[in-house]
Amino acid sequence: MPKDHGIGASSKRREDVRFLTGRGRYTDDINLRGQAYACFVRSQVAHGRLNGVNTADAEAMPGVIRVFTGADFEGIGGLPCGWQVTDRHGEVMQEPGHPVLAQGKVRHVGDPIAVVVAETYDQARDAAEAVVIDIEELEPVLDMKAALEDGAPKVHDDLTSNLCYDWGFVEENREAVNKAFETAHHVTTLELVNQRLVPNAMEPRVAIGDFDPGTEDSTLYTTSQNPHVIRLLMGAFVLGIPEHKLRVVAPDVGGGFGSKIFHYAEEAFCTFAAKQLKRPVKWTCSRSESFITDAHGRDHVTKIELALDAEGHFQAIRTETYANMGAYLSTFAPSVPTWLHGTLMAGNYKTPLIYVNVKAVFTNTVPVDAYRGAGRPEATFQLERVIDKAAREMGIDPVELRRKNFITQFPYATPVAVEYDTGDYNATLDKLLEIADVSGFESRLAESKARGKLRGLGINCYIEACGIAPSHLVGQLGARAGLYESATVRVNATGGLVVMTGSHSHGQGHETSFAQVVADMIGIDENMVEIVHGDTANTPMGMGTYGSRSLAVGGSAMVRATEKIIAKAKKIAAHLMEASPDDIELKDGAFTVAGTDKSVAWGDVTLAAYVPHNYPLEEIEPGLEETAFYDPNNFTYPAGAYACEVEVDPETGKVTIERFAAADDFGNIVNPMIVDGQVHGGIAQGIGQALLEGAAYDEYGQLLSGSYMDYAMPRADDVPFYTVDHSCQTPCTHNPLGVKGCGEAGAIGSPPAVVNAVVDALQRAGHTGVTHIDMPLTPSRVWSAMQG
Amino acid sequence: MYAFDFERPTTLDEAVAALGTEEAQALGGGQTLIPTLKQRLAGPAKLVSLTGIAELRGVCIADDGAVCIGGATPHAVVAAEAAAHYPALAALAGNIGDPAVRNRGTIGGSLANNDPSACYPAAALGSGAMIRTNIRDIAADDYFQGMFTTALEEGEIITEVRFPVPQKAAYVKFEQPASRFALTGVFVAKYADGVRVAVTGASEEGVFRWSEAEAALSSDFSAGAIAGLAVDAENMIGDLHGSPEYRAHLVKVLTGRAVTAAG
C-alpha cells in the first residue's frame, strides 16, 4: 500500500503551485531601483589578436553610463578553475588565465570583449554596436587531434601547447593492461564520438549586481545551482570581497543541468560594475547569447578496447579519449573527463584490469564543463556500446554477456579506485526484462516488418557515482573545494519548522521531498516544514546541487540536524513530564514516556523551548535550532538497466522510439513521483543526445547549430511513454537515509540503449557492416550507414 | 530590433502608397521578418502591415473552380476553408509550423519570402498557381527565381494566389528535426493535362519541378512509375541535417509517397 505522507509518499510538488501559475520569482523578475542594463560586446571570430577597442562613439550614445573593456579588469583576478588534475607524468595541468573581459586575444565566438552599461537595455545594445573592435584574425584551433600536432596554432600563447593534461588512470596498471591485450583471446575495438551538447536550460542566465555605498555590501542575484560556491569563487578569487560583505542570491531557477554550476564572467562583471557605478547593473542573456556563452557538455572522441577470454569474461579495458576543454577551463571542467569518467569505467562488471587515458585539449570553442551526468554518460556510452559490439562479434547474447560479467559481491573495489557499497545488477536486469516485455519483442518485430519498418532492441546497464563527494577523497584528486553539505533546522515556537539547506532546487522538487523527510522523522504534517534555499544570507555554507547529491548529502545533513533537534526536544519533554530523557519516545508528533500513558505534544515542547518558564535552563539552552554539516565517506552508486525499442524507416533512415523501459536501483525512495519525473526528464535528455542534439562548428569556428532552427531539442512527440521502475532497492550503506540519487541516471543510461537498438535494427535487416553510428542518429546518418 | 515607423493601411491603394517610400518593407504575418528584426539583421525605416486590408484576406472559389486565396490569409484559415475544395493544399497549410505560426503567417508572406525550405512554394509551383499582384499576374513557373528570390518588384504586393484544383494531389514533408521546416518536401498534383511535381527544401536553387518524374507520372500515375529514375545530388543542399545525396534520395522517396497518398 503506497504511503500517503512522509518518506515514500508521492506528495504533490508544493513548488508547482507557484511555477504553474506564473508566480515563480526568477532572477529576471527582480528589478532594483535605479538599475542600469549591461550589453556585452562579444567576439564574432573564433581566434584573434585584440589590437584595440575604441569606445568613444559608444560612450557618446544616448543613455550610456559607461563602457567597460579588458583594461578595466587589469590587476583583477580571472575566473578560477576549481579542480587541478595531475597528469600521468606527475605534472599539474596547464592552467591558462581566464579574464572577465578579453585581454590581448579572443579565443572563441562569444568571448566577451567589452560591456556597455546604459539606462535601458536597448540603449546599451545600440551603443554596443558602436564599439569598434580591431581584431587580427588568427587561424582557429578546432580539431582536437590537430591541435596537439607540432606547430599547431596555440589557443593560449603562454602555454607550451594546447594540451591541458595527459591523464593516465590507473597509471600503474598501464603495462599490465597492455600485456593483457597482447594475450587476449578476443579484442573488440570501438571508436566513437560523444558529441558536444548545448545545455539549453529553459531559463537563460541572468545576473544583477548591487552595491550599497552605505554598508559597502555587495549583492549578486544570479541563476545558479550553488550560490555559496559562486560567493566563494567570485569573492575570494576574482573581486577580492570577503564573504561577509558579499551576498549571493539564486532565487527560483529554471533548470540548470550543470550549466549553472559554474562561475561566469557576467556574474563577476555585474557585481564589479555595480560597485564602480554605485547602482544596480542587470544582464539578461538572450537565447542566442546562451548558445555561445553557457558552458557546453560532453565533446569526447574515444577509442575503447575490450579484451575477453574465450568464454566472454572481460579481461581488460583500455581507452584513449580526447576531451575538449574549449577555450578556457570552466569551473569544474578538468574533473569531468577524469575523476567523473575514468572512475566509472568498470561499469557493472568485474574487469580486473583497466587503463584510461585522457588528453584534455584547448580549442577555440565555448568552454566545456559538467552537463547532466558529467563524465559518467561518456563512460557508460563507450562501455555499453563496446560490450554490445563484442557480443555480436563473439556470437554471445548481449544480455548474457553482461550477466556473465556482473559484479555480484559487495562491497566491491574496482580497479579504478572506487568501492561500490551495494547493488544487485541481476535484480534490475531481471526487472527490466519483465517491464520491457522483452519476450514479446519478436512479435512486435514481425508487426513492424509487416509495415515495412525495421525494428531493433537495445539493452544496457549503467552505474554512476553520485552523492558527490567525500571531501578528503576529492581533495586528494585535485578538488579545490570540499563537497560536504549543510542544513540548519529552525523550529518555531508554535511547532512549525524552517529548514535552511546549502543545496539548491532548480526543478528537483526539494521543497517537497526534503519536507517529507523532516516531517516523517518527527511525525508531523509535511506542511509544517518549509524548505529555504538559494540565499547565502539565510542558509549555511553549502556546496549546492549537482551530481545527484542533494538528498544523499544535503538530505543527510538535514537528517543529522533534525536528530539534534529531536535529542534536545526529548530533554525538554523529559523535563515537562518529569522523566528521564532516555525513556522518552517520539512518535506521530507526540513525546511519551516509555511504559506509561504520559504524553506531551510536539507543539508543547517547541513552545516550552521559546517560552522557557518551566524549563531546565541549567542543563540546556532555550530555543530549538540546530545546524549540521555532513561529509559523506563514499560516493553512492545508483545502477540499473535500460531497454529501448526503435523502428527505423528503411527508406529515410528516420528512427522512432517505440518503447523505453528503465529499471533503476536508487536505494530508498523518498517521493516516487518525483523520482519518476527525474528519470523521465533524464531519458528525454538522453534521447535528445542519441537522436537529435549536436553542437557543430564550421571550419572557421562559427557555431552552426547556434539556434533552435538548427539545434534540435527533443519535443513531446520525439519521446515515447516510458515504463520506469525503481522497486529494486539496495539502500546505500553509508548515509542515514539509504538513498543514492536519481537526477542524472536517465541521461546516463539512455543514449547507449538507443544506439544499441538502432544498430540492432540495422543488423537484423542485413546491414551487417554497421557496428556503430555516431550520435546524433539523424535520419541522414542512419540512411548513410545503410548505404554501406 | 531597431526603431521603425509602422503603418497598417486598410486599402490596397494605401498600402501601395506607403510602400512607395524609402526603405519601406511589407509585413505579412511576420513569422520570418519579426525574428529577423529582433536579431537586428534587418533595419527597415517603415513596416507596412498588410493584414488590415480586408480584400487581401479569405478563401473563395473562382468561376473556373480555382481556389483563390487572398495574399494576407493566414495558414490556419486556408487549412479550414480550402479543405472542401483542395484538400491537399489545406493539409499542407495545416501542417506548417505550429498553431502560432499558422494563425499569424500568411500565404503572401511565405511566397514573397520564398524560403528554400518553406511549404507553400511547393504547392504554388506544383499546382501551377497564378500569383496575382497589385500590378500583374505571374505564373508560378515564372515567379520562383531561386532561394529567397522571386519575380516581385520593389513594393509589389501579392494580392491573391489562384490554385487550379487538380484531380489528385498530395504533399509529403520530411521535417528537419530542429526547425521542422521541410528538409525536403514534395508536392504532386495530377491535372487533366499532366502531372506536376514540385520539390522544396532540397535544392540550392530553391523550389523546383522534377520534370523526369512529371513525365513518368503523366503516363502512369503510380509510385512504381518513378522507380527507374534517379535525382542528381548536384546542386542539392548539404548541411548539418542531410547531405546532398540524402536530399536527392529523399526527393524520390517522398515523390513516391506523395503519389501513393494522392491515391
Side-chain angles (χ1 to χ4, degrees), chain A residues 39 62 120-123 125-126 128-130 195-196 198 200 286-289 291 452 649-656 687-688 690-698 702-718 776-788, chain B residues 1-4 31-32 35-41 43 95 97-98 101 115-118 172-186 201-202 223 226-227 230-231 233 236-260:
Chain A
C39 180
T120 72
Y121 178 69
D122 283 338
Q123 288 172 333
R125 198 171 172 192
D126 286 342
E129 290 182 1
Q195 83 274 28
R196 177 183 284 243
V198 181
N200 283 307
S286 71
R287 181 60 68 182
S288 304
E289 207 173 8
F291 269 91
D649 180 339
E651 290 189 315
T652 65
K654 184 173 171 59
V655 175
T656 51
I687 289 173
L691 295 185
L692 297 163
E693 300 183 46
Y697 281 93
D698 72 7
Q702 297 289 336
L703 186 62
L704 292 173
S705 51
S707 80
Y708 293 139
M709 291 298 280
D710 286 299
Y711 190 91
M713 295 290 285
R715 297 177 223 196
D717 61 348
D718 291 314
L777 271 56
T778 61
S780 179
R781 284 187 180 181
V782 174
W783 177 80
S784 295
M786 289 191 287
Q787 305 313 299
Chain B
M1 53 182 75
Y2 298 112
F4 52 82
Q31 296 306 293
T32 299
T36 307
L37 295 175
K38 282 183 169 178
Q39 291 184 74
R40 297 190 162 201
L41 296 174
N95 199 28
D98 54 30
V101 169
D115 187 299
S117 300
V172 176
K173 170 165 66 171
F174 192 86
E175 289 177 344
Q176 192 257 56
S179 70
R180 302 211 167 174
F181 273 66
L183 184 71
T184 295
V186 177
I226 59 165
V231 180
M236 291 287 156
I237 298 169
D239 61 15
L240 282 179
H241 309 289
S243 61
E245 293 73 21
Y246 182 61
R247 281 185 167 84
H249 168 77
L250 279 184
V251 170
K252 181 172 168 179
V253 170
L254 301 180
T255 300
R257 290 183 180 185
V259 170
T260 302

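From a predicted model like this one, the values you see are computed outputs, not experimental measurements. Each chain gets a letter, A, B and so on, in the order its sequence line appears, and its residues count up from 1.
Counting heavy atoms from C-beta on, the side chains of A:T652 and B:H249 never come closer than 4.5 Å. For the pair A:E651/B:L254, no side-chain contact is recorded, criterion being any heavy-atom separation below 4.5 Å from C-beta on.
Evaluation of the side chain to side chain contact (heavy atoms under 4.5 Å, CB included) rule for B:A223 yields B:T260 as partners, not counting sequence neighbours.
Pairs engaging residues 173-182 of chain B under the salt bridge (charged side-chain N to carboxylate O under 4.0 Å, His left out) rule: A:D717-B:R180, A:D718-B:R180 [sequence neighbours left out].
Contacts of A:D649 with chain B are made by side-chain atoms alone, with heavy-atom separations under 4.5 Å and no backbone atom involved. For A:R125, the parts sitting under 4.5 Å from any heavy atom of chain B are the backbone and the side chain alike. For chain B, the nearby parts of A:M709 are the backbone and the side chain; heavy atoms of each come within less than 4.5 Å.
To the nearest 0.5 Å, atom OG of residue A:S780 and atom CZ of residue B:R247 are 8.0 Å apart. In this structure, CG in B:L250 is found 11.5 Å from NZ in A:K654, a value given to the nearest 0.5 Å. For the atom pair CH2 (A:W783) and OG (B:S243), the distance works out to 6.0 Å, reported to the nearest 0.5 Å.
Contact count against chain A (heavy-atom pairs under 4.5 Å) is highest for B:R257 among B:K252, B:R257, B:Q176. Put simply, of A:D126, A:L704, A:L692, the one with the most heavy-atom pairs under 4.5 Å next to chain B is A:D126. For the options A:P779, A:S288, A:S784, A:S705, heavy-atom pairs under 4.5 Å to chain B are most numerous at A:P779.
Minimum interatomic distance between B:L240 and A:A696 (heavy atoms only, all atoms of both residues): CD2-CB, 3.2 Å.
Side-chain contact annotation: B:Y246 with A:Q787, donor-acceptor N/O pair under 3.5 Å absent.
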